[in-house]
Amino acid sequence: MFATLRALRALVLLLGFYLLSLLVLAALAGLDISLLEYVHGYAAFKLVGLSVVLAVPVVRGLFMLRVPKGEDPPGLEVTEADEPRLWALVRELAAEAGTRAPDRVLLTPDVNASVREEPRLLGLLPGPRRLTLGVPLLTGLSAAQLRAVLGHEYGHFTGGDTRLAVLVVRGRVQIGRVIGRFHAGARKKAAEEHARQEKAAAKRIAKGKQPHEIDTGRAGATYRAMAWLYTQYGKLYLRASLSTARAQEYAADRTAVRLAGRDATASALREVAVLADRHAFYLEAYATLGLSAGSLPPRGEFYGGFGRLLAAREEQLAAMRAELPSREVSPYDSHPPMAERVRRIEELPADGRAAGAGGPALDLLTDPARTLTLLEDASLAESALALPRAADWPALLDVAMAQVLSSGWTPLERALGEYTGQPPTLEALLGAVDDGRLWQVAERLPLSEQASAATGRAFHAFVRPQLTQSLRTMVLAELSARSLLRWEFSWSRPAEARLPALTADADADPEAVLDAALSAAVADRPDTAPLRALLERAATQPV
């Protein structure tokens, strides 16, 4: 019943586009007929020509019946022979849901699962089905939670959502095409008017006259007005179709509860929100760590390291699961707030099915390590795949941090370069400090309004933290250039620099020694001797 009503609503919205287009064409024709009673000759010819030009995008939008065929996202297609246990679950859940199983399963590197169908005759006849399943979900979910995720996707099959999508997408594409053509017409008119005015200005300059300021604000106004009209209907279309999509999500959640249980479904939604957040962090802080240095993680670890991060940060993840992200939903958002979806599910009666049953979902794969490796080949760009691989994660960190420290200047280095006009080396800075010019250099740092207004020791206090941080970075870069600096890799916390022995005292903490030397170098009366001494000792360390 509800699926029928949603289909009817989508059909009405699509018909509304055709009705709007026919009304626009009728209005253009009616306006021409009315004005031609009073306008004749060349003016009449221009009037009719303008109407025809405006009608062309509308007519083309009406008769462009083909909708672009969806392409597969980057991923690894697996057959039943490749992954028999995963396919067994896919077919089992389809039977329990009372729907036809997907024809294809595509593993992707995203924290997402989706289903797609390619029906015919606007969804009246069934077509091939595809299940897209993100490997990060398999990495972070239990088998019971994965059942809930797949049950939700099958809810879109049983609710007719994948067939309904044909009507919805058709309308979006056609409205977008018409709007795009009107905007293109407006840009073309503006370009033509700009060229005309430039030509006129050149003539005035040749005659010794002052050229007029170029103004194309009114060019293409009629096209923009038509684009505005269709944009308003497009907004209505999106709001209506996406509100329907939100109702479909709630219905799909109910299917997931029926197939996997209340607790597994609620916990799966909580886990997906956490996995999405942590996966974005993992890609930025770990997987792509060495890109700037032209290096990738070891083979199979670009995606494989995500599981290591999850295991190392379990305490952090538990806190994140307890606090679901709360945000206001835009009228154009296709999904309801995650917190609201979880609340509705957790209010249902308990059904006795456990959330963590069945073990890790990744165990469904025949050879997870091999799959993670093949997924790299299927989803990473060729330029990335051609990069050399680090021996292990610590080696990747060393290479990446060496690149970071050797490229780019600190604010202090930029200030020193401006002050001296010479390359801003660490030795040049220490020389400036010894000559009593540190605070003149500091005046060229990016300063707050308060710091700029301060003088004497007050100015020193304002800029000292920035001086210390920049000087520390320069010292680390010097040690790194001498291959004396190593980095401690960790899955649970930020990387830390491992300094060489900086004093003869074997029990001395190198960090404390460096901090003391830095403090002396940026004191009110700077002293570089401690810093020079530790750099000299570091130079004697074996490489």
Side-chain angles (χ1 to χ4, degrees), residues 290-295 397-487 495-503 510-543:
L291 280 184
S292 61
S295 183
L397 176 63
D398 283 340
V399 169
M401 293 308 297
Q403 169 65 20
V404 169
L405 290 171
S406 65
S407 63
W409 285 355
T410 66
L412 182 55
E413 286 173 289
R414 286 191 290 271
L416 179 64
E418 291 175 7
Y419 181 77
T420 64
Q422 301 296 322
T425 63
L426 179 59
E427 180 56 40
L429 175 64
L430 296 180
V433 174
D434 290 339
D435 293 342
R437 296 178 292 161
L438 173 63
W439 306 113
Q440 289 90 327
V441 173
E443 289 173 355
R444 297 174 178 266
L445 290 169
L447 301 174
S448 67
E449 191 173 329
Q450 280 183 303
S452 298
T455 58
R457 291 192 174 185
F459 174 72
H460 298 176
F462 272 117
V463 301
R464 186 171 286 116
Q466 190 175 1
L467 282 174
T468 304
Q469 183 59 43
S470 288
L471 182 55
R472 178 185 175 83
T473 301
M474 292 176 71
V475 171
L476 294 182
E478 183 76 12
L479 295 175
S480 177
R482 301 179 187 179
S483 300
L484 297 173
L485 187 65
R486 291 291 180 268
W487 292 86
E496 294 181 1
R498 297 169 60 184
L499 300 169
L502 299 176
T503 69
E511 284 284 349
V513 173
L514 177 58
D515 287 344
L518 294 174
S519 296
V522 298
D524 287 336
R525 294 184 178 180
D527 179 10
T528 64
L531 190 53
R532 288 184 181 278
L534 69 83
L535 288 172
E536 184 176 347
R537 175 167 178 79
T540 65
Q541 300 294 313
V543 177

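Count residues from 1 along the sequence.
- Ring-plane geometry between Trp439 and Phe459 is classed as perpendicular, the angle between the planes exceeding 60 degrees on a 0 to 90 degree scale with a lower cut at 30.
- Counting heavy atoms from C-beta outward, Leu499 and Glu511 have side chains that approach closer than 4.5 Å.
- Between the CZ atom in Arg498 and the CG atom in Leu479 there is a gap of 14.5 Å [rounded to 0.5 Å].
- For the atom pair CD (Glu478) and CZ (Arg482), the distance works out to 4.5 Å, reported to the nearest 0.5 Å.
- Within the 4.5 Å cutoff, the side chain of Asp434 has heavy atoms near those of the Arg532 side chain.
- Thr410 OG1 to Gln469 CD: the interatomic distance, rounded to the nearest 0.5 Å, is 9.5 Å.
- Separating the CD atom in Glu443 from the OG1 atom in Thr455 is a distance of 10.5 Å, to the nearest 0.5 Å.
- Here the side chains of Pro424 and Met474 are not in contact, with every heavy-atom distance at 4.5 Å or above.
- With contacts defined as side-chain heavy-atom distances shorter than 4.5 Å, the pair Leu426/Leu471 qualifies.
- Once rounded to the nearest 0.5 Å, the distance linking CG of Leu291 with CD of Gln403 reads 11.0 Å.
- Panel note: side chain Thr528, backbone Leu531; no donor-acceptor pair is recorded below 3.5 Å.
- With Arg414 contributing its side chain and Trp409 its backbone, the two residues share a donor-acceptor pair below 3.5 Å.
- Between atom OG of residue Ser480 and atom CZ of residue Arg486 there is a gap of 8.5 Å, rounded to the nearest 0.5 Å.
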